[in-house]
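Just below is one structure, and these are the notes that go with it.
Chain letters run A, B, ... following the sequence lines, proteins first and then strands; every chain starts at 1. Predicted, not measured: the structure shown is a model, and the values here were computed from it.
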There are 4 protein chains.
Amino acid sequence: MGAGMGGQSPRRRADARRNEKALLDAAAEVFVGAGVNAPVRDIATRAGVGTGTIYRHFPTRADLIIAVYRHQVEACAEAGPALLASSDTPYAALAHWIDRFVDFLVTKHGLAAVLRSDDAGFDALHASFLDRLVPVCARLLDAAAAAGEVRSDLEAYELMRAVGNLCIGAEDDPRYDARRLVGLLVAGLRPSP
Amino acid sequence: MGAGMGGQSPRRRADARRNEKALLDAAAEVFVGAGVNAPVRDIATRAGVGTGTIYRHFPTRADLIIAVYRHQVEACAEAGPALLASSDTPYAALAHWIDRFVDFLVTKHGLAAVLRSDDAGFDALHASFLDRLVPVCARLLDAAAAAGEVRSDLEAYELMRAVGNLCIGAEDDPRYDARRLVGLLVAGLRPSP
Amino acid sequence: MGAGMGGQSPRRRADARRNEKALLDAAAEVFVGAGVNAPVRDIATRAGVGTGTIYRHFPTRADLIIAVYRHQVEACAEAGPALLASSDTPYAALAHWIDRFVDFLVTKHGLAAVLRSDDAGFDALHASFLDRLVPVCARLLDAAAAAGEVRSDLEAYELMRAVGNLCIGAEDDPRYDARRLVGLLVAGLRPSP
Amino acid sequence: MGAGMGGQSPRRRADARRNEKALLDAAAEVFVGAGVNAPVRDIATRAGVGTGTIYRHFPTRADLIIAVYRHQVEACAEAGPALLASSDTPYAALAHWIDRFVDFLVTKHGLAAVLRSDDAGFDALHASFLDRLVPVCARLLDAAAAAGEVRSDLEAYELMRAVGNLCIGAEDDPRYDARRLVGLLVAGLRPSP
DNA sequence: GATGAATGAGCCTTCATTCAT
DNA sequence: TATGAATGAAGGCTCATTCAT
């Protein structure tokens, strides 16, 4: 006991980190099946931990959702500059990047919906996602606008919201192809002739 | 006869109808603020009636939602052929009609969301809304496609879903203009050059 | 209107009586199917009247139940002396009479149960039934006891309660024959050898 | 290991078990006063717990009822063979055992009634009670019949139902002595001379 | 008198969140 | 720290009973 106060920290950390990982995996799975508002207990059960443990690691549901998707958001953000560098035109980069964003959202049952919830508890979530991605999108949009490939009167924030919205409910309606509709929207960005 | 009031069998209806009206108004208001899944009690309270009264008039939530929006759905449906007749081109008619649909949805917090719920209890709702509007939209879309004004590979159902989705959350985000984004989507329907 | 205050009374009476008859018939039918605690509205619906009409005629449920079975209780009561006069022995009269009582109860879904409810609202019901039948039973029991055919230490009230209890639930359990069990009980009344 | 507490995995159970006991006691008391269909809240209140706690321990009402009476049912079942071994005659054993069963039922307001409910939700309850006791009774009955002490044409199930019925309402009617009436019924089992 | 609309208490059940162990 | 038991607010729904028409 007394021996621990100093050197145990890394050990605990290892323990806790493993637990946190299990939680994130479990949450991700449950989210896919039952949406990001799935009962806390379901997540705890699947992770094999108590509900209290979830609250310890993620005080609010927003914290959990943020954590679950952090890596993917990060990867998406990082893809922006890369695509800009490797694509033929800024517009192509924008289109590809949007497509990637759609990939991300479409498999996250309920994520798109909660992303646009006005529930106060989700402010942190909105911030986390949009703050990270909007600037990336803005840079792509600006580049395309600068190249005259798209109209220049649209904010990145608005575009991302729109893409997010178009992805809502896409996973459980075979007659609705979110990717395709987002494609139409992006096509609509072209300057009118 | 005995009462001497003649053939006024739908008498009590005066009362009930007034009450039903109050209920529909209250529900519409509550729906705007808290979505179409707002607690029955809240609606009852705002209408100044007991909860039982809601169940008497609208046995299921779907019944209530349908009733709340029936008139607007009907008006929207009827506007389709009219616009087709009065517009310069089928595309203009389509664009106008979509705009009208947006008008309808934008103030209905949560309506778009429930419209795409897969909950079995909402079947009647889907039928009532989509069955009525999709054919109207299809006719406009077909006309525009026949005139070569839009691509011909999109179903009306999918388009309406997309428009519906783009309207989600529009009312409480000043940085997001659903009408405008729908405009971009409709612009994207143009055949590629 | 003015013309009515006097001579209409008999007319109303005819009307009301017809209505009351419809109510009693409807209640009897519903009671058979759903027990004597069936929803008031079900009875009103089957009778083709409003719920208010039931309350006008029968302020409490006990009043309704009493009225529904009044004739049969009366007939049962009157059968007592008749059986005593026509049977070979007082015991035979008692056995027959009890059997008749069982006939009455067994087809009244839930009646036996409510007869022994301790709900304060059923006091009038208990009084109505037991006050009328217990003396009849007592006379038969006394006669049999006087003839030395049964033990003399049992009250009629207690016997009737027992018979009533044995009839509870008889109608919906094919493995339980209330009549037969009552027969065993009555056999048990015989003085021990 | 890490916590150094050794193999105390069933630790929290101390707490929960105490609580469960309180629940069972409370339920038993409430059942006596208001029947086994008493509101969940009443039971929770008397136990001094939240309603959720009841649902945690006993997901269905049948589970709760079964648990409340499990020990007594078991004890009653085990008394059968013992009485058969220790009594002078099988009939005496049967009579004693029935008496014991009456002891059990007489204070359980509503139990007898629910035991004979045909509600699907009570299947587990029926199984738990009747499946356990009917065979015990059958053995006693058979032994007595084999000894020529009682008639042999009655099923144990029917007898137990009858005894159960005779016990209904016994606790709150000073003029009705269930034990005595059951005695008469059992006396009626004797073969007719 | 009759009607049935309205009321609202009352019950069940779920689940986020806290907290003793 | 981790656990999961306990809590209790919420919300859905039913029905006895009242009362305006």
**Prompt:** E/dA16, E/dA2, F/dG12: which one has an atom nearest the side-chain heavy atoms of B/V40?
**Reply:** F/dG12
**Fill in**
Considering only heavy side-chain atoms of A/P39, the closest of F/dT17, E/dC12, E/dC15 is E/dC15
**Distance in angstrom units between B/E20 CD and E/dT7 P, rounded** = 14 Å
**Message:** For a quick test of reading the model, state the closest non-hydrogen atom pair linking C/I168 to C/A112 and the distance between them.
**Reply:** CG1-CB, 3.5 Å
**Message:** If the threshold is 4.0 Å, N to carboxylate O, is there a salt bridge linking A/K21 and A/D25?
**Reply:** yes
**Prompt:** Counting distance only, does the side-chain N/O of A/R61 pair as donor-acceptor with the main-chain N or O of A/V36 below 3.5 Å?
**Reply:** yes
**Prompt:** Cut-off 3.5 Å, side chains only: do B/D63 and B/T60 have a donor facing an acceptor?
**Reply:** yes
**For atom CZ of D/R17 and atom C1' of F/dG4, their distance in whole Å** = 15 Å
**Prompt:** Can you tell me how far the CD atom of B/E20 sits from the OG1 atom of B/T53, to the nearest 0.5 Å?
**Reply:** 11.0 Å
**Request:** With side chain to side chain contact (heavy atoms under 4.5 Å, CB included) as the test, would you mind laying out the steps for B/V68 and B/L111 before giving the verdict?
**Result:** CA-CA 11 Å; B/V68 165; B/L111 176 59; over 6 Å; no
**Complete:** Separation of F/dG4 atom P from D/R18 atom CZ, nearest Å, is 18 Å
**Fill in**
Ordered by number, residues from residues 23-34 of chain A within less than 4.0 Å of DNA chain F (heavy atoms) are none
**Prompt:** How many Å lie between CG on D/D63 and P on E/dT13, as a whole number?
**Reply:** 11 Å
**Prompt:** Can you tell me how far P of E/dT14 sits from CG of A/D42, to the nearest Å?
**Reply:** 12 Å
**Message:** Quick check: on DNA chain E, is the nucleotide nearest C/N19 upstream (toward 5') of the one nearest A/A38, or the reverse? Name the residue that is more 5'.
**Reply:** C/N19
**Donor/acceptor link under 3.5 angstrom from B/R41 side chain onto base of F/dG12** = yes
**Side-chain heavy-atom pair B/F58, B/I65 within 4.5 angstrom cut-off** = no
**Complete:** Minimal heavy-atom distance between B/A124 and B/I66, with the atoms involved, is O-CD1, 3.5 Å
**Message:** To the closest 0.5 Å, what do you measure between CG (C/N19) and NE2 (C/H57)?
**Reply:** 5.0 Å
**Asked** Any side-chain heavy atom of A/V40 sitting closer than 4.5 Å to one from A/L64?
**Response** no
**Prompt:** Taking the inter-plane angle between the rings of D/Y69 and D/F31 on a 0 to 90° scale, is it parallel (under 30°), tilted (30 to 60°) or perpendicular (over 60°)?
**Reply:** tilted
**Request:** Pull out every stem in DNA chain E, meaning runs of 3 or more consecutive Watson-Crick or G-U wobble pairs with both distances under 3.5 Å.
**Result:** E:2-21 with F:2-21
**Request:** Starting from C1' on F/dC15, measure out to CD1 on C/I43 and report it in whole angstrom.
**Result:** 12 Å
**Request:** List in numerical order all residues of residues 47-61 of chain A for which some heavy atom is under 4.0 Å away from an atom belonging to DNA chain E.
**Result:** A/T51, A/Y55, A/R61
